[in-house]
Amino acid sequence: MASLFKDLTKLSAYRDRRFPGNQEEFEQALLASTTVYIGNMSFYTTEEQVYELFTRAGEIKKIIMGLDKNTKTPCGFCFVLYYSREDTEDAVKFISGTILDDRPIRVDFDWGFQEGRQWGRGRSGGQVRDEYRTDYDPDILYLFVGGYGKLVQRE
Ligand code: GTA
């Protein structure tokens, strides 16, 4: 099947500042990659739930849950590694925007998983984006400790 993702501008709006290469190498990695990033997940979504949804796009090689680097608990993102590029593109095309645990998830091409990328990079341990969040999320209780937004999801 011909790729629908030849236009680089449609590949991903995200640029990983820690990618070890230039912009061209980053774009080439995105075009060839069989890894997707999933964002806007509930902190309570399990690896089994991710498997059940993402296996609809194709056979999964590995799932890596994103974890808060301090608490070592899920913090709202994960990586899914497929065997084939076609399945990777199908995950972005058909699964992005669907609801998982009451949240519309975002599926993005990723340049490839490396050890260390499973940890949130925010100063409070979770994701950077959560520290800038101003909108109210009924599933999340905001506590402000030491000037940085610390997020705790309600039981
Ligand atoms: N493929 O969209 C993504 C994506 N995101 C958002 C994170 N990852 C992603 N991968 C893909 N697509 O491995 C990956 C990261 C890492 C892991 C955790 O998830 O590569 P993180 O979310 O904690 O940290 O990553 P990241 O990605 O470094 O943060 P982000 O959002 O890009 O922030 C970059 C810079 O912008 C920072 O300097 C931050 O201070 C600033 N920033 C971010 N959001 C805002 C905002 N709302 N307002 C102002 N500045 C902001």
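In listed order, ligands and their atoms are each counted from 1. The chain is numbered in sequence order, starting from 1. Treat the numbers as computed from the prediction; the structure is a model and nothing was measured.
- Residues satisfying the side chain to side chain contact (heavy atoms under 4.5 Å, CB included) test with Lys69, not counting sequence neighbours, are Trp119.
- Protein residues lining ligand 1, listed by chain and number: Tyr14, Asp16, Arg17, Tyr37, Phe77, Phe79, Arg106, Asp108, Phe109, Asp110, Arg117, Trp119, Gly120, Arg121, Gln127, Val128, Tyr132 [non-hydrogen atoms, distance under 4.0 Å].
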Can you give each donor-acceptor pair under 3.5 Å made by side-chain atoms of residues 106-116, sequence neighbours left out, with the distance rounded to 0.1 Å?
residue: Asp108; atom: OD1; partner: Ser12; partner atom: OG; Å: 3.0
residue: Asp108; atom: OD2; partner: Ser12; partner atom: OG; Å: 3.0
residue: Asp110; atom: OD1; partner: Arg117; partner atom: NH1; Å: 3.3
residue: Asp110; atom: OD1; partner: Arg117; partner atom: NH2; Å: 2.9
residue: Asp110; atom: OD2; partner: Gly112; partner atom: N; Å: 2.9
residue: Asp110; atom: OD2; partner: Arg117; partner atom: NH1; Å: 2.7
residue: Trp111; atom: NE1; partner: Asp16; partner atom: OD2; Å: 2.9
residue: Glu115; atom: OE2; partner: Gln118; partner atom: NE2; Å: 2.9

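- Applying the salt bridge (charged side-chain N to carboxylate O under 4.0 Å, His left out) test to residues at least two apart or on different chains, none of the pairs has a partner in residues 43-67.
- With respect to the salt-bridge test (charged N to carboxylate O, under 4.0 angstrom), the residues Lys93 and Glu89 do not qualify.
- Looking only at atom types and distance, the side chain of Gln28 has no donor-acceptor partner in the side chain of Glu24 under 3.5 Å away.
- Between Leu81 and Ile60, every side-chain heavy-atom pair lies at or beyond the 4.5 Å cut-off.
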